[in-house]
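Remember, it's 1-based here, ligands and their atoms both numbered in the order they're listed.
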Amino acid sequence: MTIRAVLRGVGHYLPERVVENAEFEAWVDTSDAWIQSRSGIERRHFAADGEKTSDLATKAAQAALENAKLDASEIDAIIVATSTPDNTFPSVATMVQGALGANSGFAFDVQAVCAGFVFAMANANALIVSGQAERVLVIGAETFSRIMNWDDRTTCVLFGDGAGAVLLEAQEGKGTSEDAGILATDLNSDGRYRDLLYVDGGVSSTQTTGVLVMQGKEVFRHAVEKLARTAHTALDKAGLNAGDVNWIVPHQANFRIIKATAQKMNLPMDQVVVTVQDHGNTSAASIPLALSVASEEGKIKPGDVLVMEAIGGGLAWGSVVLRV
Ligand code: ACO
């Protein structure tokens with residue numbers, strides 16, 4: 001008997017305020033045409049004043065619980081992937097736990113920037129297969145609008161706010177690639193590249209929050225090279241190949257990166273979930289948001305094999321192979 005971490009529910013939340021590309025033209029030298037052609041982004045959501053990452057995360061978690069037809073009291077663990085927590089501490093996950101009224105079990109945050117959701121899923125999988133938890137809420141939630149340099153046109157047009165959540169549950173499998181649930185994960189990081197993408201403030205350095213700084217072209221180059229490789233590695237570990245994949249659910253940073261990765265995997269774009277046009281880059285929230293939207297649209301069917309892949313600051317990158 002093999003214990004698998006099986007997908008039982010999904011949900012998401014997007015803040016009400018939608019910001020179209022054209023709005024940026026009022027204060028930086030940019031255009032809707034440039035943003036769309038270089039990134040694929042058309043609009044993004046921004047959190048309202050006072051609306052915090054934990055608020056977004058809680059709403060996404062409630063949607064996932066409702067989708068799973070479970071009560072918060074039936075959850076053993078909550079993991080939130082975020083780089084934009086409400087406070088330095090406590091964790092956003094404990095705030096969500098309190099807001100949900102899930103008063104038992106444990107909760108903690110994972111920080112791997114845009115790869116955070118993949119890292120959180122790998123953690124949740126390890127907790128479930130080792131018998132330390134039976135039901136884990138895995139949430140990606142971000143308010144990147146709080147760490148933008150609004151004078152930097154090369155970054156401020158790219159990011160958005162939002163949250164997505166999945167509910168993973170321990171179920172028995174046969175130990176084959178036909179099982180439902182997480183079949184393999186692949187995690188990587190390389191701290192030599194820390195200067196390619198970082199926030200220029202923090203608790204023990206400047207005692208300020210700081211703003212995002214990115215060498216976009218360099219990150220792009222690494223993304224195209226590393227994403228297809230990690231996806232193949234995870235598929236190998238799962239005993240599958242690209243031909244077995246029904247859907248790629250990629251990190252939504254740039255349409256051109258998403259397309260190049262699909263091409264490297266020899267998969268057509270109609271097998272790729274794309275939401276970057278409506279959400280922008282929501283960092284750790286982007287994969288669960290895309291997954292939840294695709295589920296709502298009825299695209300994802302029981303038995304489908306999904307590959308989730310992401311790269312972000314660190315650099316940190318990885319993949320999850322999951323059968324629905
Ligand atoms: N509007 C108009 N012009 C712009 C803008 C803008 N918003 N931003 C940059 N430009 C200009 C540049 O100044 C440059 O002008 P120049 O040639 O006169 O110097 C020109 O457009 C081309 O700029 P590039 O940076 O070469 O544009 P590129 O095609 O590389 O696209 C982008 C930039 C969209 C940032 C791309 O490099 C990218 O998506 N990189 C990867 C980002 C990513 O994947 N991040 C993932 C993780 S995010 C995380 O972990 C938090």
Side-chain angles (χ1 to χ4, degrees), residues 19-44 53 81-85 110-120 140-162 187-191 193-202 209-228 230 250-261 274-277 279-287 289-290 308-318:
V19 179
E20 301 287 340
N21 286 348
E23 281 197 42
F24 290 88
E25 295 170 9
W27 76 87
V28 280
D29 182 11
T30 191
S31 65
D32 175 37
W34 189 94
I35 301 168
Q36 281 204 44
S37 69
R38 305 315 292 159
S39 71
I41 298 164
E42 295 171 31
R43 60 192 65 81
R44 73 288 291 141
T53 296
T82 189
S83 303
T84 46
V110 163
Q111 204 270 61
V113 202
C114 294
F117 184 74
V118 164
F119 278 63
E142 303 279 16
T143 47
F144 260 54
S145 64
R146 310 287 196 236
I147 52 165
M148 286 298 107
N149 172 357
W150 297 110
D151 296 325
D152 179 6
R153 67 175 182 173
T154 70
T155 54
C156 74
V157 301
L158 301 175
F159 293 88
D161 302 337
L187 303 182
N188 311 268
S189 54
D190 190 336
Y193 299 117
R194 56 180 278 179
D195 291 340
L196 296 187
L197 178 51
Y198 62 96
V199 168
D200 66 359
T209 308
V211 291
L212 182 143
V213 181
M214 178 167 73
Q215 293 181 39
K217 239 188 192 7
E218 276 300 295
V219 176
F220 192 104
R221 198 174 58 76
H222 282 284
V224 171
E225 178 222 321
K226 291 181 167 57
L227 287 174
T230 174
H251 171 46
Q252 310 283 321
N254 185 313
F255 181 71
R256 291 185 294 139
I257 295 175
I258 294 171
K259 200 169 159 196
T261 307
V274 182
T275 53
V276 69
Q277 71 283 359
H279 302 163
N281 182 347
T282 58
S283 191
S286 92
I287 289 179
L289 257 170
M308 307 172 200
E309 32 90 341
I311 185 165
L315 295 174
W317 67 101

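Assignment of Ala223 to the shell around ligand 1 is not supported, since no heavy atom sits closer than 4.0 Å. Taking 4.0 Å as the cut-off, Val28 does not count as a neighbour of ligand 1 on heavy-atom distance. Assignment of Leu158 to the shell around ligand 1 is supported, since a heavy atom sits closer than 4.0 Å. The shortest separation from a heavy atom of Phe24 to ligand 1 is not under 4.0 Å, leaving the residue out of contact.
Residue-ligand proximity, Gly313 to ligand 1, at heavy-atom distances under 4.0 Å covers atoms 50 (O).
For atom 51 (C) of ligand 1, a protein non-hydrogen atom is found at a distance below 4.0 Å. Within a 4.0 Å radius of atom 18 (O) of ligand 1, the protein contributes no heavy atom.
Residues Thr155 and Leu212 come closest through the heavy atom pair CG2-CD2, 3.6 Å. Summarising the geometry of Gly162 relative to Thr282, their closest heavy-atom pair is N-CG2, 4.3 Å, with the distance given to 0.1 Å.
Between atom CZ of residue Phe119 and atom SG of residue Cys114 there is a gap of 12.0 Å, rounded to the nearest 0.5 Å. Interatomic distance, CZ of Phe255 versus CD of Glu42, reported as 10.5 Å (0.5 Å rounding). With rounding to the nearest 0.5 angstrom, the NZ atom of Lys217 is 11.5 Å from the OG1 atom of Thr154.
In this structure, the protein non-hydrogen atom closest to atom 14 (C) of ligand 1 is Arg153 NH2, 4.7 Å. For atom 24 (P) of ligand 1, the closest non-hydrogen atom on the protein side is Lys217 NZ, 4.0 Å.
When atom types are taken as modelled, the side chain of Ser39 and the backbone of Ile35 share a donor-acceptor pair closer than 3.5 angstrom. Remark: side-chain polar atoms of Ser286 are not paired, donor with acceptor, to backbone N or O of His251 under 3.5 angstrom.
Residue Arg256 has at least one nitrogen or oxygen atom sitting less than 3.5 Å from a nitrogen or oxygen atom of ligand 1, judged on distance alone. Some N or O of Gly216 is nearer than 3.5 Å to an N or O of ligand 1, by distance alone.
Among Val199, Leu196, Val219, the residue whose heavy atom lies nearest to atom 45 (N) of ligand 1 is Val219. For atom 47 (C) of ligand 1, the candidate residues are Ile257, Ile311, Thr30; the nearest heavy-atom contact is made by Ile311.
Contacts of Asn254 with ligand 1, taken as heavy-atom pairs under 4.0 Å, involve the side chain alone.
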